[in-house]
Amino acid sequence: MMAMIAGRNDIEPRHADRRASDPRTWAFVHLWTTGPDTTHDRAFRLLAMRCGADGEWLGFDRLAQLSERELADSPPPSLQNDFGLRSEDLAGAEPIEEAWNAFHAFVAGDALIACDGPAFRGWYEHYQERRHDSPPILGLTELAGLLVPGRLANLREALVETLLSRRQGPRLALFPPEIAAALC
């Protein structure tokens, strides 16, 4: 799955004449964070996948720095077991402000599809500091409720695992291709 988002990491010009129903205006997004609270926790990996104007899938994958305290609070075994990362992987990471600005530029103008829409919206508004209007942000639960109403929409976190035949990657890790695959 990771190979799907390991492609080009450049940002192409956006086309203003594209309609909202065009799938190239959707971006599948996910943040890896040290916890759920934007007051005390931080995002340390930003992931996105969107279709370019030529129909090719483009990926975005950036690591953001954690402080020494955060690395001490999340010892390397936890990072490796839960996310497949070692503290050495984060050694060359950029400041979160730079990573977020690049992430925001990559998905600018797109509707965002996340595993958990409300949680992603909280992080988005936190890092955007409400400077801009938020784009439409939908979670898999909301989409499942629209497309496949009923019991499936109530699964929340288990939705991806239920919709995918087998899950790859570290235990808590989630990648945009898995989010996209859950909708197929």
Side-chain angles (χ1 to χ4, degrees), residues 1-2 4-5 7 9 11-12 14-38 41-53 55-62 64 83 96 99-165 167-169 172-184:
M1 295 264 181
M2 192 60 181
M4 290 178 68
I5 65 169
N9 228 1
I11 301 169
E12 67 181 52
R14 310 305 278 176
H15 300 283
D17 61 338
R18 293 196 316 214
R19 295 181 1 201
S21 62
D22 185 340
R24 291 174 291 181
T25 63
W26 306 339
F28 297 93
V29 295
H30 192 65
L31 300 178
W32 290 2
T33 64
T34 57
D37 187 348
T38 57
D41 300 309
R42 291 175 43 124
F44 64 89
R45 190 169 188 181
L46 298 82
L47 300 156
M49 181 178 81
R50 67 173 175 78
C51 189
E56 178 184 349
W57 283 100
L58 305 172
F60 181 92
D61 187 353
R62 294 278 176 95
F83 297 103
I96 185 61
W100 181 261
N101 288 338
F103 176 82
H104 185 260
F106 183 80
V107 300
D110 290 339
L112 307 180
I113 300 173
C115 185
D116 184 335
F120 186 85
R121 178 175 299 285
W123 284 99
Y124 185 92
E125 290 175 354
H126 172 73
Y127 283 119
Q128 276 305 103
E129 298 174 349
R130 303 188 196 294
R131 290 178 293 196
H132 307 284
D133 290 334
S134 293
I137 298 173
L138 294 170
L140 287 180
T141 302
E142 292 84 9
L143 288 173
L146 292 171
L147 304 174
V148 190
R151 205 175 78 193
L152 189 62
N154 295 322
L155 294 177
R156 302 227 24 103
E157 297 86 15
L159 186 62
V160 173
E161 292 178 19
T162 302
L163 294 174
L164 294 176
S165 59
R167 197 152 168 234
Q168 297 177 353
L172 296 178
L174 190 66
F175 296 93
E178 292 174 308
I179 298 169
L183 296 175
C184 296

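- Considering every non-hydrogen atom in both V107 and A27, the closest pair reads CG1-CB, 3.9 Å.
- The CD atom of E125 sits 10.5 Å away from the CZ atom of F120 when rounded to the nearest 0.5 Å.
- Applying the side-chain contact (heavy atoms from CB on, under 4.5 Å) test to A99 and every residue at least two apart in sequence or in another chain returns L46, R62, A64, E94.
- Here the CG atom belonging to L138 is positioned 6.5 Å from the CD1 atom belonging to I113, to the nearest 0.5 angstrom.
- Taking both residues in full, the closest heavy atoms of W57 and M49 are given as CE3-CG, 3.5 Å, listed atom of the first, atom of the second, then distance.
- In this structure, D61 and R45 approach most closely via the heavy-atom pair OD2-NH2, 2.6 Å.
- Here the side chains of R42 and Y127 are in contact, with some heavy-atom distance below 4.5 Å.
- The minimum heavy-atom distance between R121 and P135, with the atom names listed, is NH2-O, 3.8 Å.
- Residues that satisfy the ring-ring contact (aromatic ring centres under 6.0 Å, His included) test with F103, not counting sequence neighbours, are F60, W100.
- Here NE2 of H30 is found 9.5 Å from CG of D116. Values are rounded to the nearest 0.5 Å.
- Ring geometry for F83 versus W32: interplanar angle of 30 to 60°, hence tilted.
- Proximity of P36 to D41: side-chain heavy atoms (C-beta onward) are separated by under 4.5 Å at one or more points.
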